[in-house]
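Just below is one structure, and these are the notes that go with it.
In what follows, every chain begins at residue 1, and chains take the letters A, B, ... in the order their sequences are listed.
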2 protein chains.
Amino acid sequence: MTGSTPPQRRKRQLPTTEELRIWRDYIETAEALGSSLAARLQSESSLSRGDYAVLLALSEAPERRMRSSELAALIGWQRSRLSHHLGRMERRGLIRREECVTDSRGAEVVLAPAGADAFREATIPHLRAVRELFVDALTPGELAAAGEVAAALRRFLAR
Amino acid sequence: MTGSTPPQRRKRQLPTTEELRIWRDYIETAEALGSSLAARLQSESSLSRGDYAVLLALSEAPERRMRSSELAALIGWQRSRLSHHLGRMERRGLIRREECVTDSRGAEVVLAPAGADAFREATIPHLRAVRELFVDALTPGELAAAGEVAAALRRFLAR
DNA sequence: GGTACATAATTGACATGTCAATCATTTGGT
DNA sequence: ACCAAATGATTGACATGTCAATTATGTACC
């Protein structure tokens, strides 16, 4: 050690108490919201948030099918996470996996009828929950601010 | 069905496309930030975010000990989650559990020396990560807005 | 055409989280 | 004092998530 670090320098490296308070508020609130939403989804539809994300992506995909790694990228999951989750969903009959014609390493994930049904039934309750837990809690200005904050964080993270 | 729902009515119940976009942005960004932070903590210190939350609370508690359910309430966990987690932390020597003198149903969680060490070593890297991933991504105005949004959501959720 | 490397996806081991059930103790009402 | 209900905490079963290793196939290049 060649000398002590002056306080000004430390302040540039580490968050202030106030910044830290906001961070904790931010992340804990988002996590609490996430679990509330997951609990409502679970109780109202027998789908988990993960199931819902997968089924939503497949519902919107052309032919209701998608390459496994595209799907992973689209919903932002690690491939191994998706693979495990698809295994569970396949056992429940929500999706099927088929070999890919153009690349025999690849797999295509296909929305199964039971998956489409489950998704359709879950949609309205899920959207209602988003409104009740998130949208209704914020003024229009706060909502817009939330969007800007998320966008800024996302840009920075993807940088 | 007695008739179709007029659009005005649906709009009051379900989020608009734009509101939904903001919701997804909000929750996915927070989750991505959470896992980035967890990954950095893990690689720089051998503590998980859960470990860190428990050790932080204990570090700040008088006598560095706390009743198990107080701890759960403080960090916002279900008791069973805490119980499982404490079991794992106890096996690693980070905390100890002692019987409570005033209530023999209860347990007290005590910060163990190894836990205090691990926490101390993890703190600086963790705070640095918070700054680099969160604080540095936002302007002062955005930071304040993030705080207000979190507060509003929290008030509404706790209502 | 064969070898090295990259890519797609799965697997196994294990950490983490949720839910419902359980157990022991305390508390409140009579 | 007694019993019923509430409380504190743990447990078991199982769903979910991460990491590193593995398998199989494609691609580049000499």
Side-chain angles (χ1 to χ4, degrees), chain A residues 28 31-54 65-92 94-110, chain B residues 28 31-54 65-92 94-110:
Chain A
E28 284 168 17
E31 278 165 5
L33 261 183
S35 13
S36 291
L37 206 82
R40 286 193 48 162
L41 196 55
Q42 198 73 264
S43 77
E44 289 166 354
S45 78
S46 82
L47 292 182
S48 68
R49 284 221 310 130
D51 299 334
Y52 190 84
V54 168
R65 64 173 54 224
M66 197 181 288
R67 282 291 293 274
S68 175
S69 33
E70 273 181 76
L71 178 52
L74 184 62
I75 62 183
W77 287 12
Q78 302 292 331
R79 278 189 304 179
S80 95
R81 175 180 175 187
L82 180 60
S83 200
H84 283 300
H85 204 93
L86 289 179
R88 294 187 292 263
M89 291 181 74
E90 193 168 29
R91 274 199 300 281
R92 294 195 284 149
L94 300 174
I95 55 116
R96 279 194 336 273
R97 280 190 275 203
E98 291 180 3
E99 286 179 10
C100 178
V101 190
T102 61
D103 184 340
S104 17
R105 292 168 303 184
E108 278 198 325
V109 188
V110 186
Chain B
E28 283 167 17
E31 278 165 6
L33 261 183
S35 13
S36 292
L37 206 83
R40 285 193 49 160
L41 196 56
Q42 198 74 265
S43 78
E44 289 166 357
S45 79
S46 81
L47 292 181
S48 68
R49 283 217 313 128
D51 300 334
Y52 190 85
V54 168
R65 64 172 55 224
M66 195 180 290
R67 283 292 293 274
S68 177
S69 32
E70 273 181 75
L71 178 52
L74 185 62
I75 63 183
W77 288 10
Q78 302 291 332
R79 277 187 308 176
S80 96
R81 174 180 176 186
L82 181 60
S83 199
H84 283 299
H85 205 93
L86 290 179
R88 294 186 293 262
M89 292 181 74
E90 193 168 30
R91 273 200 300 283
R92 293 194 285 151
L94 300 174
I95 56 116
R96 278 195 335 273
R97 281 191 273 204
E98 292 180 2
E99 287 177 10
C100 177
V101 190
T102 61
D103 185 339
S104 17
R105 291 168 304 184
E108 277 198 325
V109 188
V110 188

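- Atom P of nucleotide D:dA9 and atom CE of B:Met89 are separated by 17 Å, given to the nearest angstrom.
- By the salt bridge (Lys or Arg N to Asp or Glu O under 4.0 Å) test, B:Arg40 is found to be paired with B:Glu44, B:Glu132, residues two or more places apart in sequence or in another chain being considered.
- Contacts of residues 34-52 of chain B with DNA chain D (heavy atom under 4.0 Å): none.
- Judged by distance alone, with hydrogens and angles left aside, the side-chain atoms of A:Glu90 form a donor-acceptor pair with the main-chain N or O of A:Arg97 at under 3.5 Å.
- Every pair tested for salt bridge (Lys or Arg N to Asp or Glu O under 4.0 Å) that includes a residue from residues 68-79 of chain A fails, sequence neighbours excluded, so the list is empty.
- Per the geometry, CG belonging to B:Asp103 stands 6 Å off P belonging to C:dT26, to the nearest Å.
- For DNA chain D, the neighbouring residues in residues 79-87 of chain B, judged by any heavy atom under 4.0 Å, are B:Arg79, B:Ser80, B:Ser83, B:His84.
- A:Ser45 pairs by the side chain to side chain contact (heavy atoms under 4.5 Å, CB included) definition with A:Leu41, A:Leu47, A:Ala122, not counting sequence neighbours.
- Counting non-hydrogen atoms under 4.0 angstrom, B:Arg97 reaches the backbone sugars and phosphates but no base.
- Between the CZ atom of B:Arg91 and the P atom of D:dT10 there is a distance of 13 Å, rounded to whole Å.
- Between B:Leu82 atom CG and B:His85 atom NE2 the span is 8.5 Å, to the nearest 0.5 Å.
- In the set D:dT7, D:dA9, C:dA8, D:dA9 carries the atom at the smallest distance from any side-chain atom of B:Ser68.
- Here the CZ atom belonging to A:Arg105 is positioned 12.5 Å from the OG atom belonging to A:Ser68, to the nearest 0.5 angstrom.
- In this structure, the side chains of A:Asp51 and A:Arg92 come closer than 4.5 Å at one or more pairs of heavy atoms.
- As a whole-Å value, the separation of A:Glu108 CD from C:dT10 C1' is 17 Å.
- Note on A:Arg67: only backbone sugar-phosphate atoms sit closer than 4.0 angstrom, heavy atoms only; bases stay farther off.
- Residues A:Arg92 and A:Arg105 both approach DNA chain D. Their nearest nucleotides, taken by heavy-atom distance, put A:Arg92 toward the 5′ side.
- Taking atom CD of A:Gln78 as the reference point, atom P of D:dT16 lies 17 Å away to the nearest angstrom.
- Distances shown here put a side-chain N or O of B:Arg88 below 4.0 Å from the OP1 or OP2 atom of C:dT16.
- In this entry the distance linking CD of A:Glu90 with C1' of C:dA9 reads 13 Å, nearest Å.
- Using a 4.5 Å heavy-atom threshold, the side chains of A:Asp103 and A:Arg67 count as touching.
- A straight line from CG of A:Leu71 to C1' of C:dT10 spans 15 Å, rounded to a whole angstrom.
- The distance from atom CH2 of A:Trp77 to atom C1' of D:dG17 is 10 Å, rounded to the nearest whole Å.
- Applying the side chain to side chain donor-acceptor pair (under 3.5 Å) criterion to B:Arg81, with sequence neighbours excluded, gives no partner residue.
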